[in-house]
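Chain letters run A, B, ... following the sequence lines, proteins first, then strands; residues in each count from 1. None of the values given here were measured: they were computed from a predicted structure.
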Amino acid sequence: MSVLPYLVAGWIFLAGCYGIATSRHLVHAVGCLAVCQSSTYVLLLAVGYRDGGTAPVHSDLAPGSRPVVDPVVQALALTDVVVGATVTALLLALVMQVAKRHGTVDPDELSELRG
Amino acid sequence: MNGWLWTATVLLAVGFGPVVWAVATGPVGRRVVAQNFGTSAVCLVMLLLAQGYQRPSYTDLALVLAVLGPVGTLVYARLLADDLSPHPPHTNLLTAAAALATTAVVVAVCAATGPGRAMVKLLVTGALLVAGNVIASRAVSGGYRNAEATSHG
Amino acid sequence: MSRRLRMWVLAVGGLGVAALLAAAALRLPGFGGDDHPYGERAVEASLARRTSNTIASVNFDQRAFDTLGEETILFAAVLGTVVLLRQTRDERQVRPAPERVAAPVRRYALVMLPVALLTGLYVIAHGQLSPGGGFQGGVVVATALHLLYIGADYRALERIRPVGLYEVGDAAGEAAYLILGVAGLVGGSAFLANTLLPYGTFNTLASGGTVPLLNAAVGMEVACAVVVLLARFLDQAVEIERSTGSGNDRGE
Amino acid sequence: MADVLTVLALLLVAVAATAAVAVRDPARQALVLAVLGLALAVLFTVLQAPDVALSQLAVGSALTPLLILLSVRKVRRRGQREDGGR
Amino acid sequence: MGRAAAVTAELLAWWLLLMAAWLVFISTVDALEGFVGAGCALLGALAACGARRAMGER
């Protein structure tokens with residue numbers, strides 16, 4: 001149990017990489033990249049967890065009354081989820097451009113095209 | 001691990017577990033219905049976790065999910081209309097189950113929180129969730145399509 | 001580089017990475033341990049500045065400069081998408097066909113649009129108190145506006161959503177964040193330092209000095225950025241069409 | 001005892017992530033990614049990170065599916081030369 | 001004259017509904033919360049009326 005979250009994060013990362021490497025549709029590959037990104041959130045938050053801890057949000061919690069988990073890793077993961085979505089949108093825009101230029105979204109076909 | 005967290009665990013295993021399987025396999029219609037039911041199940045789990053961890057501020061999560069969940073399902077009903085129209089899924093049973101589970105959980109959590117603005121917030125969240133679930137599943141199951149001939153959006 | 005060879009390279013590389021990850025995981029401190037030096041200091045600093053949501057304090061006060069970087073990545077990503085998805089010469093703009101949506105869905109969209117907008121604004125405003133903040137609330141506000149596309153058709157959404165205004169809003173959000181930073185500099189302390197405003201009373205809307213203002217700036221920028229993003233995607237998917245009349249482009 | 005909830009949430013996320021990779025059709029993958037977002041939100045709440053769960057819910061429930069499905073519609077239309085600006 | 005009255009009536013109705021929702025959402029009620037809530041509710045009411053009008057005309 002003490003190492004399971006890190007192994008699950010590793011598994012999700014490898015599954016995402018496998019998906020990207022073997023994908024036959026560029027939009028599917030972008031989806032797999034999103035899966036890879038979510039593995040980093042699982043790892044970050046697993047590192048910051050404390051048994052019996054609660055979120056350091058003091059709107060309904062008296063400061064210091066209960067052990068709290070690490071807020072720094074949460075701040076890292078929080079901004080990245082939203083920025084990750086916009087980067088996914090940028091990648092999808094690139095996929096649309098590839099489809100417009102080469103008329104195909106299959107990575108294998110793309111590598112054979114010249115120019 | 002009090003009773004609330006136990007209920008959340010059971011609801012997660014029984015309610016959300018099959019959703020993950022149902023959304024990955026089978027016809028598109030069933031997948032969209034599974035995603036819609038998954039939204040309700042997770043919203044209820046959020047309410048139970050908020051109560052189980054004694055953190056009322058976690059109910060904001062259930063509120064945002066109750067507002068945005070059905071919107072996601074309507075996006076599918078709209079953009080996957082071509083794949084859904086040949087054999088629309090029938091969703092009445094699942095919608096009834098979701099509505100029943102929502103009322104049960106909301107009533108239980110309201111009883112625990114006691115009267116006050118927090119209870120009204122829970123009732124609003126429950127109402128939004130049930131309304132969204134009903135509308136989304138009707139839209140997915142083509143309940144409206146034969147009522148009006150619509151071109152694809 | 002045949003496909004089979006690539007599969008082998010993938011398998012070997014994957015196993016190697018898996019082995020390294022497993023070895024690293026075994027050396028990490030156990031899950032749920034009590035050793036969180038940075039966490040404790042962050043909580044102390046946030047309470048010192050009377051910000052009740054420590055995560056917002058870390059994001060907009062202790063690490064405000066990194067959040068400026070995140071926000072600039074978001075701005076650059078939207079800028080890239082706008083440049084990439086512009087209408088090229090050989091494409092023409094087609095007016096979207098009116099879409100008749102069932103009455104209950106239309107009523108639901110009409111009722112839910114303001115409620116979702118209010119929820120988004122609530123999440124932004126209470127960023128430094130309860131869970132939430134500019135990033136999450138901005139996305140909720142942007143999604144709320146697109147209920148109009150779901151409830152009716154793209155033409156109705158275009159009528160209520162002038163894209164130019166949202167592009168200006170996007171840039172204004174980023175500029176507001178920078179101005180608040182420079183104001184800290186002008187105020188005699190460091191860039192983006194939270195020494196400008198009084199910290200107010202704990203757990204109220206005005207607590208935390210400049211954190212609520214930075215939160216609002218990020219909220220505006222994320223909301224406008226997502227609206228501009230979806231506008232470009234909807235244009236491409238619904239409106240822009242290859243003009244069949246003129247010569248074919250190379251791809252076909 | 002709280003481990004049961006954490007282990008269950010972790011397993012759900014792992015299964016949903018594997019499903020998201022295994023589903024090859026992008027439109028269907030958008031659905032599985034939405035469910036993966038829900039599973040992640042539950043895991044983040046169990047790990048006491050409500051802000052990150054809220055962020056995942058806001059992005060994963062409506063924004064990402066809309067982006068992916070619009071891209072699929074544009075790429076599919078481009079591929080099979082359907083016209084008519086729906 | 002009737003049309004302007006109708007629009008303001010609708011705007012006011014939406015504003016009241018959204019203000020009530022805001023008061024339910026927040027945990028502690030004080031002057032500043034009410035003020036910010038009034039602003040956000042007004043924004044929501046404007047969006048509601050704009051959406052209804054935009055959806056009305058084809």
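For the atom pair CZ of C/Arg3 and OG1 of A/Thr22, the computed distance is 6.5 Å after rounding to the nearest 0.5 Å. Taking CD1 from C/Ile73 and CG from A/Leu90, the interatomic distance works out to 12.0 Å, rounded to the nearest 0.5 Å. Note that NE2 of A/His58 is 8.5 Å distant from CG of C/Asn53, once rounded to the nearest 0.5 Å. Considering CD1 of A/Ile20 and CG of C/Leu10, their distance stands at 10.5 Å, rounded to 0.5 Å. With rounding to the nearest 0.5 angstrom, the CG atom of C/Leu26 is 7.0 Å from the CG atom of A/Leu7. Annotation: the span from C/Leu229 atom CG to A/Thr86 atom OG1 amounts to 7.0 Å, rounded to 0.5 Å.
Side-chain contact between A/Pro71 and C/Val43 is present, with at least one heavy-atom pair separated by less than 4.5 Å. In this structure, the side chains of C/Thr54 and A/Val57 stay at 4.5 Å or more apart for every pair of heavy atoms.
Heavy-atom distances place no part of C/Glu71 under 4.5 Å from chain A, backbone and side chain included. Both the backbone and the side chain of C/Ile55 come within less than 4.5 Å of a heavy atom of chain A. For chain A, no part of C/Pro37 is nearby; none of its heavy atoms comes within less than 4.5 Å. Interface residue A/Pro5: only side-chain heavy atoms are found under 4.5 Å from chain C. Heavy-atom distances place no part of C/Gln62 under 4.5 Å from chain A, backbone and side chain included. Contact of C/Arg63 with chain A is made through the side chain alone, with heavy-atom distances under 4.5 Å. Only the side chain of A/Val68 comes within contact range of chain C, with at least one heavy atom under 4.5 Å from a heavy atom of that chain. Using a 4.5 Å cut-off between heavy atoms, A/Leu4 makes no contact with chain C at all.
Aromatic ring pairs are classed by plane angle as parallel below 30°, tilted from 30° to 60° and perpendicular above 60°; the pair C/Phe31 and A/Tyr6 is perpendicular.
Annotation: maximal heavy-atom pairing with chain A below 4.5 Å, among C/Asp34, C/Leu21, C/Val82, occurs at C/Asp34.
Across every non-hydrogen atom of A/Tyr49 and C/His36, the tightest pair is O-NE2, 3.0 Å.
Within a 6.0 Å sphere centred on OH of C/Tyr199, other residues, nucleotides and ligands contribute more than 12 heavy atoms. Taking a 6.0 Å sphere around CZ of C/Arg41, one finds it holds 12 or fewer heavy atoms contributed by other residues, nucleotides or ligands.
Ion pairing between a basic and an acidic side chain is recognised when a charged N comes within 4.0 Å of a carboxylate O; A/Asp108 and C/Arg6 show such pairing.
Of the residues listed (C/Val218, C/Val139, C/Val226), the one engaging A/Val82 in a side-chain contact (heavy atoms from CB on, under 4.5 Å) is C/Val139, and it is the only one.
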